[in-house]
Amino acid sequence: MEWNMEYCMEQVMQKDLGRRLQVGQDIIDSILDKDKFQDLEQDQTMLDRMVDGVATNWVNSSNFKVALLGMDILSALVTRLQERFRTQIGTVLPSLIDRLGDSKDQVRDQDQALLLKIMDQAANPQYVWDRMLGGFKHKNNRTRESVCICLIATLNIWELKA
């Protein structure tokens, strides 16, 4: 099957967990291939739908492997779009903040790494933290703790860059 933007969107919106696990890496590879989806940068509506679908259906999945793949897809989008991903931050932050409270260390660690990557490549840390402040009042205590850990990591990284 030839991967194009419409087919990719069909796969992102896929409900079957097994199918998501099968196509996740293909989606990532397609996003990172500059020759594919050349309209990704120009078609804001399609990009909005893709990011919303990944944040809602993948990152929020009850299956941790699908959630990790969802974060990998978002990471690929950050890598490809750089500053153009800034408009998507408000869409992905609620799901990423919720995942900071995940019971699996691997999910929390990858989530924090993605947040730091967003701060490094898509928007400055102040912009992201202005939108993450609600995480300090989250109902899940593990989320609140992880938000604090993420703040410490942010301060440590950007203190060194200053």
Side-chain angles (χ1 to χ4, degrees), residues 8-9 11-17 19-21 23-25 27-28 31-32 40-41 44-162:
C8 185
M9 278 304 302
Q11 300 313 307
V12 165
M13 302 313 268
Q14 181 70 243
K15 298 291 184 208
D16 179 19
L17 290 179
R19 182 76 181 133
R20 284 188 201 170
L21 291 171
V23 300
Q25 191 59 49
I27 294 171
I28 294 164
I31 290 169
L32 293 174
L40 181 65
E41 285 89 346
Q44 190 65 40
T45 305
M46 184 69 77
L47 178 61
D48 291 346
R49 283 182 46 221
M50 177 180 280
V51 170
D52 184 54
V54 171
T56 304
N57 299 327
W58 292 64
V59 176
N60 283 340
S61 174
S62 59
N63 182 306
F64 84 98
K65 290 180 182 178
V66 172
L68 290 171
L69 270 174
M71 286 185 244
D72 286 340
I73 293 169
L74 291 177
S75 180
L77 285 166
V78 170
T79 298
R80 170 128 180 212
L81 299 172
Q82 299 285 307
E83 295 87 18
R84 290 182 304 261
F85 190 82
R86 183 180 176 133
T87 60
Q88 304 301 323
I89 291 173
T91 303
V92 301
L93 275 183
S95 298
L96 294 177
I97 289 171
D98 285 346
R99 275 298 175 176
L100 283 173
D102 197 275
S103 61
K104 295 203 178 292
D105 290 341
Q106 183 181 7
V107 173
R108 291 193 310 273
D109 292 345
Q110 187 167 332
D111 191 348
Q112 180 173 321
L114 176 56
L115 287 167
L116 294 171
K117 181 176 185 173
I118 290 170
M119 290 179 214
D120 187 44
Q121 296 181 15
N124 65 50
Q126 184 65 50
Y127 181 87
V128 176
W129 276 103
D130 285 346
R131 284 144 188 81
M132 283 182 60
L133 292 177
F136 290 110
K137 299 178 192 171
H138 198 278
K139 64 184 179 214
N140 182 329
N141 66 323
R142 187 176 284 140
T143 299
R144 293 190 305 270
E145 176 185 11
S146 293
V147 168
C148 291
I149 292 168
C150 190
L151 177 59
I152 292 167
T154 304
L155 292 171
N156 287 335
I157 290 169
W158 271 269
E159 176 184 45
L160 295 174
K161 289 185 177 187

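Note that the numbering runs from 1 along the sequence shown for the chain. These values consider heavy atoms only, across backbone and side chains, with no hydrogens, waters or symmetry-generated copies.
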* To do: Could you give me the CA-CA distance, side-chain angles and deciding distance for Trp158 and Asn124, then say whether side-chain contact (heavy atoms from CB on, under 4.5 Å) is met?
  => CA-CA 10 Å; Trp158 271 269; Asn124 65 50; over 6 Å; no
* Rounded to the nearest 0.5 Å, what's the gap from CG on Asn140 to CD1 on Ile97? Could you check? => 12.0 Å
* Counting only N and O atoms by type, is there a donor-acceptor contact under 3.5 Å from the side chain of Ser95 to the main-chain atoms of Val59? -> no
* Structure fact -> Contacts of Thr87 meeting side-chain contact (heavy atoms from CB on, under 4.5 Å) (sequence neighbours excluded), chain-then-number -> Gln44
* Name all residues meeting the side chain to side chain donor-acceptor pair (under 3.5 Å) criterion together with Ser61; count only those two or more places apart in sequence or in a different chain, and write none if there are none. => none
* Residues two or more places apart in sequence or in another chain: which of them pass side chain to side chain donor-acceptor pair (under 3.5 Å) with Asn156? -> none
* Asked: Between Arg20 and Asn63, is any pair of side-chain heavy atoms under 4.5 Å apart?
  -> no
* Asked: Who are the side-chain contact (heavy atoms from CB on, under 4.5 Å) partners of Met13, not counting sequence neighbours?
  -> Met9, Asn57
* Distance-minimising heavy-atom pair for Val12 and Gly53 -> CG1-C, 3.9 Å
* With sequence neighbours excluded, what pairs up with Glu83 under the side chain to side chain donor-acceptor pair (under 3.5 Å) test? -> none
Enumerate, atom names and distances included, each donor-acceptor pair closer than 3.5 Å involving a side-chain atom of residues 114-122, sequence neighbours excluded.
| residue | atom | partner | partner atom | Å |
| --- | --- | --- | --- | --- |
| Lys117 | NZ | Ser75 | O | 3.2 |
| Lys117 | NZ | Ser75 | OG | 2.7 |
| Lys117 | NZ | Thr79 | OG1 | 2.5 |
| Asp120 | OD1 | Lys161 | NZ | 2.7 |
| Gln121 | OE1 | Gln82 | NE2 | 3.1 |

* To do: State whether the side chain of Arg19 and the backbone N or O of Lys15 hold a donor-acceptor pair below 3.5 Å, judged by distance alone.
  => no
* To do: Kindly indicate, with the supporting measurements, whether the criterion side-chain contact (heavy atoms from CB on, under 4.5 Å) is fulfilled by Leu77 and Gln88.
  => CA-CA 10 Å; Leu77 285 166; Gln88 304 301 323; over 6 Å; no
* **Separation of Arg80 CZ from Arg84 CZ (nearest 0.5 Å)** => 8.0 Å
* Ala76: side-chain contact (heavy atoms from CB on, under 4.5 Å) partners, not counting sequence neighbours -> Ile28, Ile31, Leu32
* **Approximate separation, where rounding is to 0.5 Å, of Ile73 CD1 and Ile27 CD1** => 4.5 Å
* Side chains of Thr91 and Asp52: do they bring a donor and an acceptor to under 3.5 Å? -> no
* For Gln14, side chain to side chain donor-acceptor pair (under 3.5 Å) partners two or more places apart -> none
* **Any residue meeting salt bridge (Lys or Arg N to Asp or Glu O under 4.0 Å) with Arg86, in chain and number order, not counting sequence neighbours** => none
* Below 4.5 Å, heavy atoms only, C-beta onward: do Cys8 and Met50 meet side chain to side chain? -> yes
* To do: Mind checking ring pair (Phe, Tyr, Trp, His ring centres under 6.0 Å) for Phe136 and listing every partner two or more places apart, or none if nothing turns up?
  => Trp129
* **Gap separating the CZ atom of Arg144 from the CD1 atom of Ile149, nearest 0.5 angstrom** => 13.0 Å
* **Contacts of type salt bridge (Lys or Arg N to Asp or Glu O under 4.0 Å), residue Asp102, not counting sequence neighbours** => Arg99
* **Student check: side-chain heavy atoms of Leu47 and Leu81 closer than 4.5 Å** => yes
* Shortest non-hydrogen separation from Trp58 to Gln11 and the atoms involved -> CZ2-O, 3.7 Å
* Rounded to the nearest 0.5 Å, how far apart are CD1 of Ile157 and CD1 of Ile152? -> 12.0 Å
* Asked: For Asp105, what residues pass the side-chain contact (heavy atoms from CB on, under 4.5 Å) criterion, not counting sequence neighbours?
  -> Arg108, Asp109
* Asked: Any side-chain heavy atom of Met71 within less than 4.5 Å of one from Val107?
  -> yes
* Structure fact -> To the nearest 0.5 Å, atom NE2 of His138 lies from atom CE of Met132 at 11.0 Å
